**Student:** 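Quick one: this structure, given as structure tokens, is what I'll be asking you about.
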Amino acid sequence: MKTVIFSGTSEGRTLCEQLSRAGQEAVACVATEYGKQVMPALPGIRVHTGRMDAAQMADFLRGVETAVDATHPYAVEVSQNIRQACQQAGCRYLRLLRPKTHVEGAVHVPDARAAADYLAQTEGAVLLTVGSKELHCFTAVPDYAERLWPRVLPAEASMQICKTLGFPAAHLILMQGPFSEELNCALIHMSGAKWLVTKDTGEAGGLPEKLAAAKKCGCRVILIDRPQEDGLTPEQVRQLLLPEPPMRFPLFVDLTGRRCLVVGCGKIGAHRAEVLLRYGAEVIVVAPEGEAPAGAVHHRRAFEPNDLDGVFLVTAATDRRDINHEIYTLCVQRNVFVSTADNREECTFFFPAVRTGANLSVGLVSDGSDHKKTARAARAIGQVLKEESRT
Ligand SMILES: C[C@@]1(CC(=O)O)C2=NC(=C\c3[nH]c(c(CCC(=O)O)c3CC(=O)O)Cc3[nH]c(c(CC(=O)O)c3CCC(=O)O)/C=C3\N/C(=C\2)[C@@H](CCC(=O)O)[C@]3(C)CC(=O)O)/[C@H]1CCC(=O)O
Ligand SMILES: NC(=O)c1ccc[n+]([C@@H]2O[C@H](COP(=O)([O-])OP(=O)(O)OC[C@H]3O[C@@H](n4cnc5c(N)ncnc54)[C@H](O)[C@@H]3O)[C@@H](O)[C@H]2O)c1
């Protein structure tokens with residue numbers, strides 16, 4: 001086996017999807033049954049379930065070329081074990097790091113202890129969403145039993161930790177995520193929290209829903225930053241493991257009278273609808289909000305699968321990842337060209353930057369990695385066409 005991915009995170013899962021799509025084989029290691037459940041069945045990807053120590057990992061990695069450590073950003077010990085096992089097994093180690101979040105207006109602290117020190121100088125109730133392992137640090141906060149509301153997993157062990165540390169039962173929130181913005185808001189109201197403490201767990205860890213709730217409820221955020229760690233972005237890992245895909249072929253297709261569907265009508269959808277109209281397409285826009293350009297038919301509602309009936313091409317440009325993904329999946333099943341505005345992996349065609357003039361039609365895309373460059377080059381090409389039409 002060439003590649004082993006220590007996964008259990010959404011980044012690990014995405015990498016497995018990319019490898020599978022490129023026809024590569026790999027083993028994805030997950031520690032728990034839960035980790036296994038969230039791993040979809042992917043051609044070429046075998047899932048290994050079960051916790052391993054460094055020695056077992058070294059055994060497992062013998063003969064493997066590359067191990068990708070895509071474990072949780074706060075799982076420091078696991079990462080150390082993987083690094084050590086790679087050294088023993090003579091296997092290349094790549095650490096895939098989740099991008100860090102900078103939150104405007106939040107108090108950034110390096111660790112749980114620093115969060116507790118900061119809280120000691122403040123007043124008001126605190127919703128603690130940092131799990132149970134580091135809860136002991138927070139007993140340093142004066143009146144912690146009255147001020148703090150820990151939210152921990154409804155597991156025997158977590159409950160025991162809370163009890164031992166002296167947190168009153170009335171303040172314990174025993175729940176398993178995912179937590180929506182609404183649920184976070186309800187918990188902030190219930191506890192009367194003026195502060196919310198969280199780790200920088202990224203999108204997959206429910207951070208956006210916590211931040212949105214805190215903002216809505218006027219609750220300040222203390223963000224425990226990631227442990228300092230060197231590593232690679234998901235894009236860098238992808239480039240190291242996968243061969244460069246060939247560039248996309250520009251297909252200059254006749255759109256007159258063809259039905260094109262634009263889902264979502266924000267800045268992106270509205271612009272794309274307008275471009276497609278210019279090329280003579282019959283444009284159907286489906287979006288509850290926004291203003292479709294004149295000439296398009298606008299259905300003011302959410303997307304429904306039968307919107308795809310009789311459609312030639314689709315652009316999925318809603319602000320909802322789950323909806324865009326659903327549209328992409330349905331289009332692939334139906335063999336309809338689809339461009340998904342928030343995920344270049346989910347594009348069977350790229351929506352190009354288009355410029356016309358002097359009887360020329362130019363469509364421009366990059367390899368998918370630099371949209372700003374595409375926009376810049378398209379502006380320059382626009383100038384060339386302008387000059388051409390003067391001559
Ligand atoms: C050419 C153009 C046509 C058009 O949109 O009409 C276009 N993007 C343009 C500009 C642009 N797009 C973005 C920025 C902000 C800066 C930045 O992030 O770099 C800027 C710059 C700006 O606005 O100046 C953000 C962005 N774009 C995509 C993602 C998701 C991802 O990469 O996964 C994200 C992050 C979104 C997020 O954060 O959520 C994805 C795609 N954008 C594509 C097309 C497809 C590939 C073509 C290519 O790569 O060349 C592709 C793959 C899929 C598709 O949509 O078909 C248009 C130039 C129009 C013109 O000048 O006429
Ligand atoms: N490809 C690009 O060039 C590019 C550039 C910037 C942003 N983006 C991405 O594109 C997406 C759209 O960006 P935007 O700025 O236009 O967003 P926006 O928030 O302005 O608009 C979102 C639109 O989606 C609609 N919508 C939401 N749920 C829907 C559903 N279930 N069915 C149909 N419509 C639904 C809304 O009514 C709205 O019209 C975002 O995901 C953004 O990250 C892409």
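Each ligand, and each atom within it, is numbered from 1 in the order the structure gives. This is a predicted model, so every value here is computed, not measured.
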**Student:** Check side-chain hydrogen bond (donor to acceptor under 3.5 Å, both in side chains) between Q236 and all other residues, then give those that pass, not counting sequence neighbours.
**Tutor:**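 Listed in chain order: T233.
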
**Student:** Is atom CD of E235 surrounded by more than 12 heavy atoms (other residues, nucleotides or ligands) closer than 6.0 Å?
**Tutor:** yes

**Student:** Would you check ligand 1 and list the protein residues that come within less than 4.0 Å of it by any heavy atom, ordered by chain and number?
**Tutor:**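 These residues qualify: H271, R272, S339, T340, A341, D342, N343, R344, C347, F350, F351, P352, A353, R355, V365, S366, G368, H371, K372, T374, A375.
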
**Student:** Which one of A341, A316, A302 has a non-hydrogen atom at the shortest distance from atom 44 (C) of ligand 2?
**Tutor:** A341

**Student:** Can you establish whether the number of heavy atoms outside Y93 located under 6.0 Å from its atom OH is more than 12?
**Tutor:** yes

**Student:** Is there a donor in the side chain of R278 and an acceptor in the side chain of T356, or the other way round, less than 3.5 Å apart?
**Tutor:** no

**Student:** Using the ring of F312 (Phe, Tyr or Trp, six-membered ring only), decide whether R259 places NZ or CZ under 6.0 Å from its centre and within 45 degrees of its axis.
**Tutor:** no

**Student:** Whether the T129 and K210 side chains hold a donor-acceptor pair (N or O, under 3.5 Å, no angle test) is what I'd like checked.
**Tutor:**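 Checked: T129/K210 side chains pair up, N/O donor to acceptor below 3.5 Å.
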
**Student:** For ligand 2, which atoms, with element, lie under 4.0 Å from some heavy atom of I323?
**Tutor:**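 What qualifies from ligand 2 is 31 (N).
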
**Student:** Check if H371 has a non-hydrogen atom at a distance under 4.0 Å from any atom of ligand 2.
**Tutor:**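 No.
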
**Student:** Does a donor on one side chain sit under 3.5 Å from an acceptor on the other, for R51 and N81?
**Tutor:** no

**Student:** Considering heavy atoms of the protein only, find what lies nearest to atom 34 (N) of ligand 2 and give residue, atom and distance to 0.1 Å.
**Tutor:** P288 CD, 3.4 Å

**Student:** For atom 12 (C) of ligand 2, what is the nearest protein heavy atom, given as residue, atom name and distance?
**Tutor:** A317 O, 3.4 Å

**Student:** What atoms in ligand 2 come closer than 4.0 Å to a heavy atom of V286?
**Tutor:** 33 (C), 34 (N)

**Student:** Just to be sure I'm reading this right: ignoring hydrogens, which of T340, D319, N343, V285 gets closest to atom 17 (O) of ligand 2? Compare them by their nearest heavy atoms.
**Tutor:**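 Considering heavy atoms of T340, D319, N343, V285, the nearest to atom 17 (O) of ligand 2 sits in D319.
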
**Student:** May I ask you to identify the nearest protein heavy atom to atom 42 (C) of ligand 2, giving residue, atom name and distance to one decimal place in Å?
**Tutor:** D342 CB, 4.5 Å

**Student:** Is it true that the side chains of T315 and R272 contain a donor and an acceptor less than 3.5 Å apart?
**Tutor:** yes

**Student:** Of the protein's non-hydrogen atoms, which lies at the shortest distance from atom 23 (C) of ligand 2, and what is that distance?
**Tutor:**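 The closest one turns out to be C265 N, 3.6 Å.
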
**Student:** Would you say ligand 2 has an N or O under 3.5 Å from any N or O of E289?
**Tutor:** yes

**Student:** With sequence neighbours excluded, tell me which residues meet salt bridge (charged side-chain N to carboxylate O under 4.0 Å, His left out) with R92.
**Tutor:** none

**Student:** Identify, by atom number and element, the atoms of ligand 2 in contact range of V263, meaning under 4.0 Å from any of its heavy atoms.
**Tutor:**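 Result: 33 (C).
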
**Student:** What residue and heavy atom of the protein are closest to atom 32 (N) of ligand 2, and at what distance?
**Tutor:** F303 N, 2.9 Å

**Student:** Are M52 and L61 linked, directly or through other ILVMFWY residues, by side chains that come within less than 4.5 angstrom of each other?
**Tutor:**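 Yes, because M52 and L61 connect within a single hydrophobic cluster, where side-chain heavy atoms sit under 4.5 Å apart.
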
**Student:** Would you say the side-chain atoms of S366 and K373 include a donor-acceptor pair closer than 3.5 Å?
**Tutor:**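 Side chains of S366 and K373: no pair found under 3.5 Å.
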
**Student:** For Y118, give me all partners under ring-ring contact (aromatic ring centres under 6.0 Å, His included), at least two apart in sequence or on another chain.
**Tutor:** W195

**Student:** Going by the closest heavy atom to atom 40 (C) of ligand 2, which one wins out of T318, N324, I268, T374?
**Tutor:**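 Among T318, N324, I268, T374, the closest heavy atom to atom 40 (C) of ligand 2 belongs to T318.
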
**Student:** Going by the side chain to side chain contact (heavy atoms under 4.5 Å, CB included) test, name the single residue among T340, I284, L308 that passes it with V314.
**Tutor:**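 The option that passes is L308.
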
**Student:** Using a strict cut-off of 4.0 Å, indicate which atoms of ligand 2 neighbour a heavy atom of K267.
**Tutor:**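 What qualifies from ligand 2 is 16 (O), 20 (O).
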
**Student:** Run the contact test for R272 against ligand 2 with a 4.0 Å cut-off on heavy atoms, strictly below, and give the result.
**Tutor:** yes

**Student:** Return the closest protein heavy atom for atom 21 (O) of ligand 2 as residue, atom name and distance.
**Tutor:**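 For atom 21 (O) of ligand 2, the nearest protein heavy atom comes out as G266 CA, 3.3 Å.
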
**Student:** Quick one: nearest non-hydrogen protein atom to atom 25 (C) of ligand 2, plus distance?
**Tutor:**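 Heavy-atom neighbour on the protein nearest atom 25 (C) of ligand 2: G264 CA, 3.7 Å.
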
**Student:** Just checking, is any N or O donor in the side chain of Q84 or Q80 under 3.5 Å from an acceptor N or O on the other one?
**Tutor:**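 Checked: Q84/Q80 side chains show no N/O donor-acceptor pair below 3.5 Å.
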
